[in-house]
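What follows is a short report on a single structure.
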Amino acid sequence: MSVFGTNLTNEYMLNSGFFHGIWGYNFATVSRPREAGISLTVDF
């Protein structure tokens, strides 16, 4: 059994993008939203 989580504080972060001074960002990628889960593996 394992428990996992990413971005638990749910922060909005800009990862990359192209900034044009007149119009602002032409495109950008943001971080993934809050994710959490449990994984269970059984071997027999």
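In this chain, residues are counted from 1 in sequence order.
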Side chain proximity check, Thr41 to Asp43, heavy atoms < 4.5 angstrom: yes
One should read off an interatomic distance between Met13 CE and Asn7 CG, to the nearest 0.5 angstrom, of 5.0 Å
Interatomic distance, OG@Ser39 vs CZ@Phe4, rounded to 0.5 Å, equals 6.5 Å
Query raised in the report: Is the shortest heavy-atom distance from the side chain of Ile38 to the side chain of Met1 under 4.5 Å?
Result: yes
Scanning both residues in full, the closest heavy-atom pair of Leu8 with Glu35 reads CD2-O, 3.9 Å
